[in-house]
Chemist: 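There's a structure below that I have some questions on.
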Amino acid sequence: QVQLVESGGGLVQAGGSLRLSCAASGSIFGVNSMGWYRQAPGKQRDLVAAITSGGSTNYADSVKGRFTISRDNAKNTVYLQMNSLKPEDTAVYYCYGDLIPAGGWQDYGMDYWGKGTLVTVSS
């Protein structure tokens with residue numbers, strides 16, 4: 001029942017900006033962390049940015065200073081503001097959530113993934 005839905009991907013010129021959004025929906029009791037991964041064709045899926053429930057953030061070295069992750073806890077939504085985009089940022093971006101489903105007694109999270117949104121940066 002819990003789902004992660006990404007939006008905001010598309011085509012942008014190098015140097016431009018995009019903002020990705022990921023909304024967690026369904027019966028969610030709590031959020032431990034959420035983040036973004038990306039995967040280019042023939043490449044591994046790598047962490048881009050993550051944010052914990054306490055607000056701690058982590059970024060891949062390749063995006064530090066250009067990307068910013070943020071969240072709206074009330075909406076169970078995470079955002080990725082991407083500035084100064086480069087062609088090498090082109091990839092499918094996947095939303096990740098460590099989420100605690102509602103309806104149970106547990107206080108631990110489970111892994112959830114969105115289906116991905118394509119970001120293409122042209123030269």
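We're numbering straight along the sequence, starting at 1. Computed from a predicted structure; not experimentally measured.
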Chemist: Take Arg19 and Leu80, measure what side-chain contact (heavy atoms from CB on, under 4.5 Å) needs, and give me the verdict at the end.
Modeler: CA-CA 6 Å; Arg19 189 185 72 160; Leu80 186 67; over 6 Å; no
Chemist: Write down the atom of Pro101, the atom of Met110, and the distance for their closest heavy-atom approach.
Modeler: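 In this case the closest contact between Pro101 and Met110 is CG-SD, 4.0 Å.
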Chemist: Would you say Gln13's side chain and Ser122's backbone share a donor-acceptor pair under 3.5 angstrom?
Modeler: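 Between the backbone of Ser122 and the side chain of Gln13 there is no qualifying donor-acceptor contact (under 3.5 Å).
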Chemist: Would you sort out whether Leu85 and Leu18 count as a side-chain contact (heavy atoms from CB on, under 4.5 Å), showing the intermediate values?
Modeler: CA-CA 8 Å; Leu85 283 162; Leu18 283 175; 4.2 Å; yes
Chemist: Would you indicate whether Gln39, at its atom CD, is surrounded by more than 12 heavy atoms from other residues, nucleotides or ligands within a distance under 6.0 Å?
Modeler: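 Result for CD/Gln39: enclosed.
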Chemist: State, with a plain yes or no, whether a side-chain heavy atom of Thr90 is found less than 4.5 Å away from one of Val119.
Modeler: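 No - every pair of side-chain heavy atoms lies 4.5 Å or more apart.
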Chemist: Rounded to the nearest 0.5 Å, what separates atom CD1 in Ile69 from atom CD1 in Ile51?
Modeler: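 Those atoms lie 6.0 Å apart.
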Chemist: Can you see whether Thr77 engages Asp72 through a side-chain donor-acceptor pair at a distance of less than 3.5 angstrom?
Modeler: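 Side-chain D/A pair, Thr77 to Asp72: absent.
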Chemist: Give the minimum heavy-atom separation between Asn83 and Ser17, together with the two atoms involved.
Modeler: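 Taking Asn83 first and Ser17 second, the nearest heavy atoms are OD1-OG, 2.9 Å.
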Chemist: List in chain and number order the residues that pass side-chain contact (heavy atoms from CB on, under 4.5 Å) with Ile100, two or more places apart in sequence or in another chain; answer none if no residue qualifies.
Modeler: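 Applying side-chain contact (heavy atoms from CB on, under 4.5 Å) to Ile100 gives Phe29, Asn32.
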Chemist: To the nearest 0.5 Å, tell me how far Leu99 CG sits from Tyr112 OH.
Modeler: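 Going from CG on Leu99 over to OH on Tyr112, the span is 6.5 Å.
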Chemist: Mind checking the OG-CD spacing from Ser27 to Gln1? Nearest 0.5 Å is all I need.
Modeler: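 Between Ser27 OG and Gln1 CD, I get 3.5 Å after rounding to 0.5 Å.
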Chemist: Does any part of the side chain of Arg45, heavy atoms only, come nearer than 4.5 Å to the side chain of Trp113, both counted from C-beta?
Modeler: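 Result yes, sub-4.5 Å side-chain heavy-atom pair found.
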Chemist: Which heavy atom of Ala24 sits nearest a heavy atom of Leu4, and at what distance?
Modeler: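 In this case the closest contact between Ala24 and Leu4 is CB-CD2, 3.4 Å.
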Chemist: Should Val48 and Tyr59 count as side-chain neighbours, where that means a heavy-atom distance under 4.5 Å?
Modeler: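 They are not in side-chain contact.
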Chemist: Would you say Asp89 and Arg66 make side-chain contact, with heavy atoms under 4.5 Å?
Modeler: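 A side-chain contact under 4.5 Å exists here.
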Chemist: For the residue pair Thr117 and Val92, establish whether any side-chain heavy-atom pair is separated by less than 4.5 Å.
Modeler: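 Side-chain contact under 4.5 Å: no.
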Chemist: Apply side-chain contact (heavy atoms from CB on, under 4.5 Å) to the pair Arg38 and Tyr94, showing each step before the final yes or no.
Modeler: CA-CA 6 Å; Arg38 68 185 181 187; Tyr94 295 91; over 6 Å; no
Chemist: Just how far is it from atom OG1 of Thr57 to atom NZ of Lys64, taken to the nearest 0.5 Å?
Modeler: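 If I round to the nearest 0.5 Å, the distance is 9.5 Å.
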Chemist: To the nearest 0.5 angstrom, please state how far the OG atom of Ser53 sits from the CE atom of Met34.
Modeler: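 The distance works out to 12.0 Å.
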Chemist: Between Trp36 and Phe67, does the ring centroid distance fall short of 6.0 Å?
Modeler: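 So the answer is no for these two rings.
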Chemist: Can you tell me if CD on Gln106 sees more than 12 non-hydrogen neighbours from other groups inside 6.0 Å?
Modeler: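 Yes, because the 6.0 Å sphere around CD of Gln106 holds more than 12 heavy atoms from other groups.
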Chemist: How close do Ala40 and Ala91 get, counting heavy atoms only, and between which atoms?
Modeler: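 Where Ala40 meets Ala91 most closely, the heavy atoms are N-CB, 3.9 Å.
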Chemist: If you measure from OG1 on Thr68 to OH on Tyr79, what distance do you get to the nearest 0.5 Å?
Modeler: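 Going from the OG1 atom of Thr68 to the OH atom of Tyr79 covers 14.5 Å.
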Chemist: Check the side chains of Asp111 and Tyr96 for a donor-acceptor pair under 3.5 angstrom, ignoring hydrogens and angles.
Modeler: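 Yes, Asp111 and Tyr96 have a side-chain donor paired with an acceptor closer than 3.5 Å.
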Chemist: For Asn73 and Asn76, run side-chain contact (heavy atoms from CB on, under 4.5 Å): C-alpha distance rounded to whole Å, both residues' side-chain angles, the deciding distance at 0.1 Å, then the answer.
Modeler: CA-CA 5 Å; Asn73 289 338; Asn76 289 332; 5.6 Å; no
Chemist: Which pairs with one or both residues in residues 40-123 pass disulfide (SG to SG under 2.5 Å), sequence neighbours excluded?
Modeler: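 Residue pairs passing disulfide (SG to SG under 2.5 Å), neighbours aside: Cys22-Cys95.
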